[in-house]
Amino acid sequence: MNETMDISIDFSRLKLANPVFTASGTCGYAEELADFMDVNQLGGFITKSVTVKPRMGNDTPRVVETDSGMLNAIGLANLGLEAFIQEKLPAISKLTVPVFVNVAGETIEDYVAVAQRLATEQAIAGFELNISCPNVAKGGLSFGTDPAQVTEITSAVKQAAGDKILMVKLSPCVTDISVIARAAVEAGADVLSLVNTFTAMVIDIESRKPVLANRTGGLSGPAIKPIAVYMVNKVFNEVTKERGIPILGLGGIRTASDAVEFIIAGATAVAIGTANFVEPNCAVKIIEGIKKYCDGKEIKNIRELIGSLE
Amino acid sequence: MTEETFKSNRGVFDAVVFANKQIRQRFYRLGLEFSGDGAAAFAQTRPGQFAEIDLSDVKLPPKEEIAEDLQDSAERKVLLRRPFSFCDVISQRGKTRVEILYCALGPATLRMTTLSAGNSVSVIGPLGNGFQMPADKKTALLVSGGMGAGPLIHLAKAITTEYPQVEVTAFAGAKTKTELPFEKPLDEISRQLGFALHEFAMYAVESQLATDDGSIGYKGFVTDCFSQWLGQQRSLSANDTIIYSCGPEAMLARIAKIAEDKKIDCQVSMERMMACGIGVCQSCAIKCRVEGSDEMVYKLCCKDGPVFDSREVVF
Ligand SMILES: Cc1cc2nc3c(=O)[nH]c(=O)nc-3n(C[C@H](O)[C@H](O)[C@H](O)COP(=O)(O)OP(=O)(O)OC[C@H]3O[C@@H](n4cnc5c(N)ncnc54)[C@H](O)[C@@H]3O)c2cc1C
Ligand SMILES: Cc1cc2nc3c(=O)[nH]c(=O)nc-3n(C[C@H](O)[C@H](O)[C@H](O)COP(=O)(O)O)c2cc1C
Ligand code: FES
């Protein structure tokens with residue numbers, strides 16, 4: 001195989017060495033992974049959500065396994081903007097991989113405050129706007145399901161973000177994801193990432209109570225992959241293709257062929273979430289697997305593959 | 001990371017099964033051997049630390065061998081790794097052998113029972129922080145409930161070899177005689193001499209056994225057995241004593257209360273559902289007090305624990 005095969009991609013105003021990211025909330029702030037993988041081999045890294053104030057998160061149990069998936073209701077537990085800058089940013093600035101900070105909040109002002117404060121940080125390539133978290137009482141998903149709010153929040157953050165790349169992360173929990181996608185793109189999103197988790201519930205039949213303390217959680221993992229692939233393809237056809245906006249596709253990716261499916265469906269890049277828990281180094285293996293696939297199919301440039309669904 | 005110079009002391013390693021023995025109905029002891037970097041990493045394992053094992057590809061036992069009450073949950077697929085601590089770690093000639101005491105109670109642990117010598121499994125570890133050793137203590141009291149015995153057996157070995165001046169006594173509880181996580185409780189005579197359990201007697205550690213139904217040993221909760229025993233110890237100095245406990249959370253809460261009342265230091269090994277085991281997902285939160293304030297914070301069982309000072313934990 002051609003070891004040096006070029007699978008680099010254009011990702012909005014960035015050029016990335018390869019199309020594989022790790023997904024927000026599944027790889028912390030990168031330093032935690034030092035013993036398990038070389039983060040710099042990734043195409044991009046996305047942090048756990050950062051909010052203006054620290055958040056304790058929900059009570060436990062916060063996770064439960066399901067057939068081929070898992071539910072989580074972490075509740076955006078994170079150290080808050082200031083501690084992120086003090087404690088995490090110095091290590092992040094030593095990375096060579098482009099790092100995106102996932103931003104969450106309860107109000108539009110919250111999102112703007114985080115973006116504004118970080119807009120001048122050299123260490124950061126851009127933001128991923130989490131308007132799709134199903135596990136918080138305020139903000140989160142409620143922003144991401146109403147096109148008018150998506151427009152408002154995207155344009156407000158776009159202004160605050162300066163020249164940083166703005167990704168907007170979409171929820172799959174909507175009737176027509178293209179409506180939301182269009183709202184985000186028209187308000188200035190540089191990239192769309194999809195999907196976040198699906199709101200779901202697991203019931204303990206002994207106690208007749210939900211297993212998660214938060215009652216509901218977000219379903220992720222291989223179980224959601226076919227729906228995510230479908231949504232990526234739909235948004236690609238209906239919204240992003242004609243506008244030349246890249247999609248970061250995610251949801252249930254575990255193998256290189258999963259990743260290739262997303263790319264054929266229309267994703268320019270992909271992100272790995274739940275699968276990191278099973279195999280912390282799997283993103284790097286997936287990068288190798290994508291190269292192998294391209295090599296085997298005599299694909300000279302991975303760009304040929306993007307949205308190549310017949 | 002690429003520029004890192006020190007060799008990592010944890011990682012993802014393949015281990016080869018060298019033994020997997022049923023010791024009781026539902027209870028097993030699994031032996032895993034590491035070579036190379038895995039051997040070096042696991043040789044450093046401290047009692048109370050754990051590993052995340054991938055059991056998703058391991059086959060289920062034949063249906064007729066699965067206990068009636070587990071037939072249903074056996075049907076569930078396994079995606080995530082499962083956390084286990086060790087009851088023994090031995091490092092020799094470049095190989096490290098670890099043993100895990102486990103209970104078959106769900107889809108992953110049922111699969112675990114079919115592992116046999118020569119099989120390979122992927123293991124992440126060693127993870128978390130183990131028990132703090134009783135360097136400045138004279139007495140160490142080990143209290144376990146059910147499967148919690150595993151890491152305390154490992155701890156008994158570590159204390160007796162590294163701190164021979166410390167006197168160790170163990171208390172082990174279980175629901176009933178058939179649900180003891182021990183191979184062979186010693187005979188009546190040994191029991192009267194204070195050595196109820198072979199696993200602790202091996203290290204010359206006295207032990208007492210309690211079952212909820214009294215089918216063997218003390219009748220009642222191990223916490224009551226322990227608290228009665230403690231009440232009889234006239235010469236025990238609280239300052240020179242430390243309690244180590246591992247088991248169901250309700251039991252740990254009672255032990256923490258006993259320790260607080262008697263002003264004895266106490267360390268508890270906690271459990272939470274874990275998705276990653278390495279501190280990135282925030283699923284394993286444990287509510288903790290902040291010393292000197294009314295504030296509460298969540299710490300991570302996998303990273304800050306699983307062993308905590310009992311005064312810190314909000315049960
Ligand atoms: C740090 C740590 C060390 C552990 N050490 C051991 C050990 O040495 N030996 C051993 O037998 N078990 C140990 N466990 C528990 C073990 O991880 C669970 O029994 C196992 O995950 C069950 O998987 P399953 O698929 O068979 O059952 P599941 O169906 O997943 O679970 C069966 C039952 O166990 C509970 N459970 C599942 N996972 C956990 C968990 N991580 N913590 C607490 N309860 C859980 C579930 O709520 C359910 O009631 C440890 C857990 C932790 C967190
Ligand atoms: C434990 C856990 C925590 C997550 N935390 C966040 C988060 O903080 N912000 C966010 O935008 N998405 C978060 N996600 C969603 C993932 O980034 C991803 O969108 C989703 O899990 C689907 O991908 P997967 O199936 O590959 O995991 C989280 C997912 C999991 C499983
Ligand atoms: S299990 Fe993921 S942070 Fe503890």
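Quick note: numbers below take in every heavy atom, side chains included, and nothing from hydrogens, waters or symmetry partners. The structure displayed is predicted, hence computed values, not measured ones.
- Using a 4.5 Å cut-off on side-chain heavy atoms (C-beta onward), Leu80(B) and Val63(A) make no contact.
- At most 12 heavy atoms of other shown residues, nucleotides or ligands fall within 6.0 angstrom of atom CG in Asp72(B).
- Neither the backbone nor the side chain of Pro54(A) comes within less than 4.5 Å of any heavy atom in chain B.
- Top candidate by heavy-atom pairs under 4.5 Å with chain A, chosen from Cys281(B), Ser122(B), Gly279(B), is Cys281(B).
- With a 4.5 Å cut-off on side-chain heavy atoms, Ser283(B) and Asn72(A) do not count as touching.
- When the shell of 6.0 Å around CD of Glu291(B) is examined, it contains 12 or fewer heavy atoms from other residues, nucleotides or ligands.
- In this structure, OG1 on Thr60(A) lies 12.5 Å from CD on Gln282(B), to the nearest 0.5 angstrom.
- Taking the charged nitrogens against the carboxylate oxygens, Glu65(A) and Arg82(B) do have a contact shorter than 4.0 Å, which makes a salt bridge.
- Within 6.0 Å of atom CD in Gln71(B), more than 12 heavy atoms from other residues, nucleotides or ligands are found, so the atom counts as buried in its surroundings.
- Counting only residues at least two apart or in different chains, ring-ring contact (aromatic ring centres under 6.0 Å, His included) contacts with residues 208-228 of chain A are absent.
- Heavy-atom pairs under 4.5 Å with chain A were tallied for Pro107(B), Ala275(B), Gly277(B); the largest tally goes to Ala275(B).
- When all heavy atoms of Arg62(A) and Ala285(B) are compared, the closest pair comes out as CZ-CB, 3.4 Å.
- Residue Arg272(B) places its CZ atom among more than 12 non-hydrogen atoms of other residues, nucleotides or ligands, all under 6.0 Å distant.
- Contact of Ile124(B) with chain A is made through the side chain alone, with heavy-atom distances under 4.5 Å.
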Pair up each side-chain donor or acceptor in residues 276-286 of chain A with any protein partner under 3.5 Å, not counting sequence neighbours, and list the distances.
{"unit_1": "Asn276(A)", "atom_1": "ND2", "unit_2": "Thr26(A)", "atom_2": "OG1", "d": "3.2"}
{"unit_1": "Asn276(A)", "atom_1": "ND2", "unit_2": "Ile272(A)", "atom_2": "O", "d": "2.7"}
{"unit_1": "Asn276(A)", "atom_1": "ND2", "unit_2": "Gly273(A)", "atom_2": "O", "d": "2.9"}

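- In this structure, Pro222(A) and Leu79(B) have side chains that are in contact, with non-hydrogen atoms separated by less than 4.5 Å.
- In this structure, CD in Glu32(A) is found 6.5 Å from NZ in Lys303(B), a value given to the nearest 0.5 Å.
- Here the shortest heavy-atom pairing between Asp59(A) and Lys287(B) reads OD1-NZ, 3.8 Å.
- In this structure, the portions of Val78(B) lying under 4.5 Å from any heavy atom of chain A include both its backbone and its side chain.
- No side-chain heavy atom of Met273(B) sits less than 4.5 Å from a side-chain heavy atom of Leu212(A).
- A 6.0 Å sphere centred on CZ of Phe221(B) holds no more than 12 heavy atoms belonging to other residues, nucleotides or ligands.
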Quiz item: Could you walk me through whether Asp67(A) and Arg76(B) pass the side-chain contact (heavy atoms from CB on, under 4.5 Å) check?
Solution: CA-CA 6 Å; Asp67(A) 260 356; Arg76(B) 268 172 35 220; 3.9 Å; yes

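- Atom CG of Asp35(A) and atom CD1 of Ile278(B) lie 8.5 Å apart (nearest 0.5 Å).
- Annotation for Lys15(A): atom NZ counts as buried by contact number, over 12 foreign heavy atoms lying within 6.0 Å.
- Residues Tyr298(B) and Asn58(A) approach most closely at OH-O, 3.5 Å, considering heavy atoms.
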